[in-house]
Peer 1: 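First the structure, which I've put down as structure tokens, then a few questions once you've had a look.
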Amino acid sequence: MDENTALIQAYKTLRDKTVELCKPLAIEDYVIQSMDDVSPPKWHLAHTTWFFETFILKKFSKTYSEFNPLFHHLFNSYYNGIGLPYPRPKRGMLSRPTVESIYSYRKWVDDHVIHLLENSNNEIQSILKLGLNHEEQHQELLLMDIKYNLFMNPEFPAYVVTQTQADSQSKISQLDLIPIQGGISEIGYDKNDFCFDNELPKHKHLLQPFALGSRLVTNGEYLEFIKSGGYHQSNWWLADGWDYLQKNNWQHPLYWFQQENKWYEYSLNGGLKELNVNQPVTHVSYYEADAYARWKDTRLPTEAEWEYFVRKNKIKIDGNFLENNYLQAKTSSSNQFFGDVWEWTASSYSAYPGFKPFVGELGEYNGKFMSNQMVLRGGACVTPKNHIRISYRNFFQSEKRWQFSGIRLATNL
Ligand SMILES: [Fe+2]
């Protein structure tokens with residue numbers, strides 16, 4: 001199969017998958033935005049389309065005409081170099097264009113992209129790969145945002161109901177801290193296919209001997225921290241975290257609540273359920289992950305330690321990803337470095353030495369977010385498996401927890 005045919009196939013498969021993820025939604029679900037960080041599903045469907053229209057069709061197609069000129073503004077996320085983006089907190093106020101119109105927009109752009117790909121060049125192919133990876137990121141965001149929107153509804157509607165009871169019966173292994181010698185480690189992307197600019201260049205770190213948790217921290221283990229009064233003792237918390245906890249009255253992870261001495265958790269798959277103590281704790285902020293690690297007399301790993309450990313132990317990219325359709329972290333006897341939950345690291349999100357942003361307007365993709373965020377590694381149960389690389393860097397602000405984020409412990413030796 002030549003490169004263009006393969007890309008057309010990949011494009012169609014990916015675009016269909018995004019639409020498939022919206023199938024369980026009622027028409028009303030497409031429009032709401034329950035907090036500023038969340039975007040309506042309709043907006044995700046349109047914005048991912050806008051990306052291909054803006055960076056491919058408008059630049060490379062001689063025959064393309066815009067589906068609707070206003071969309072250039074409405075569905076620009078944050079690219080100031082392209083024009084004025086529509087304000088993020090107001091995305092949920094757009095009852096028009098209608099969902100039907102957005103699906104027509106997708107078809108319009110898809111037809112033109114596929115036509116262009118029949119005779120594309122290296123430059124188009126490389127931006128198209130970025131567009132595919134961008135839409136994969138939005139598939140995960142879509143599910144994160146749908147979860148938050150549905151959770152805000154007192155009915156706690158499930159997004160889907162497909163799981164079996166098997167998970168609640170699974171055993172977990174003992175949590176050990178696995179030692180590894182330090183030394184000069186090399187991290188960053190080391191192959192010749194696609195990666196984001198923030199994974200480059202490959203570079204060296206000097207690491208002291210350390211140990212990493214053999215698995216993720218579970219709900220049951222995190223519950224011990226809550227029961228011991230962890231959310232009422234400032235000594236475990238970073239100052240910013242303690243302030244945030246008090247202002248927002250945090251008592252437990254997002255999506256948890258307690259009723260008559262029983263703990264419940266809201267899940268995309270199945271809605272409200274009794275908390276499974278063996279599943280990895282999910283939807284904790286960096287502050288909570290850090291406080292828990294401190295309470296356990298441990299710490300969070302740095303991203304260099306995480307990547308070095310994975311490379312040194314030849315850990316494969318396998319696990320509970322989007323393709324499993326489980327949509328929540330699973331009880332497992334494996335090490336769970338990949339899939340299930342994004343693992344908070346103690347590393348702030350910054351440029352690798354020699355970092356070069358993507359050229360032109362796409363330079364805004366990652367580089368401008370390199371302040372006040374922490375790196376997370378490994379992918380989650382809502383991440384497409386193909387999307388993940390050993391060098392992949394996700395990033396969120398320390399107080400955010402609507403992403404599927406969890407905890408792996410580390411310690412010095
Ligand atoms: Fe985007």
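Remember, it's 1-based here, ligands and their atoms both numbered in the order they're listed. Small disclaimer: the values here were computed from a predicted structure and weren't measured.
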Peer 1: For D197, which residues count as a salt bridge (Lys or Arg N to Asp or Glu O under 4.0 Å) partner, sequence neighbours excluded?
Peer 2: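 D197: no salt bridge (Lys or Arg N to Asp or Glu O under 4.0 Å) contacts found.
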Peer 1: Restricting to salt bridge (Lys or Arg N to Asp or Glu O under 4.0 Å), what partner residues turn up for D110, sequence neighbours left out?
Peer 2: R15
Peer 1: Any idea how Y231 and Y222 line up, ring-wise: parallel (<30°), tilted (30 to 60°), or perpendicular (>60°)?
Peer 2: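 If you compare the ring of Y231 with that of Y222, the planes turn out perpendicular.
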Peer 1: Is it true that K58 and E66 make a salt bridge, defined as a side-chain N closer than 4.0 Å to a carboxylate O?
Peer 2: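 A salt bridge links K58 with E66.
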Peer 1: Go around the Fe ion (ligand 1) and count every protein N, O or S atom nearer than 2.8 Å.
Peer 2: 3
Peer 1: Please check if the distance between the ring centroids of Y78 and Y86 is under 6.0 Å.
Peer 2: no
Peer 1: Return the set of residues passing side-chain contact (heavy atoms from CB on, under 4.5 Å) with A26 (not counting sequence neighbours), or none when no residue passes.
Peer 2: E28, D29
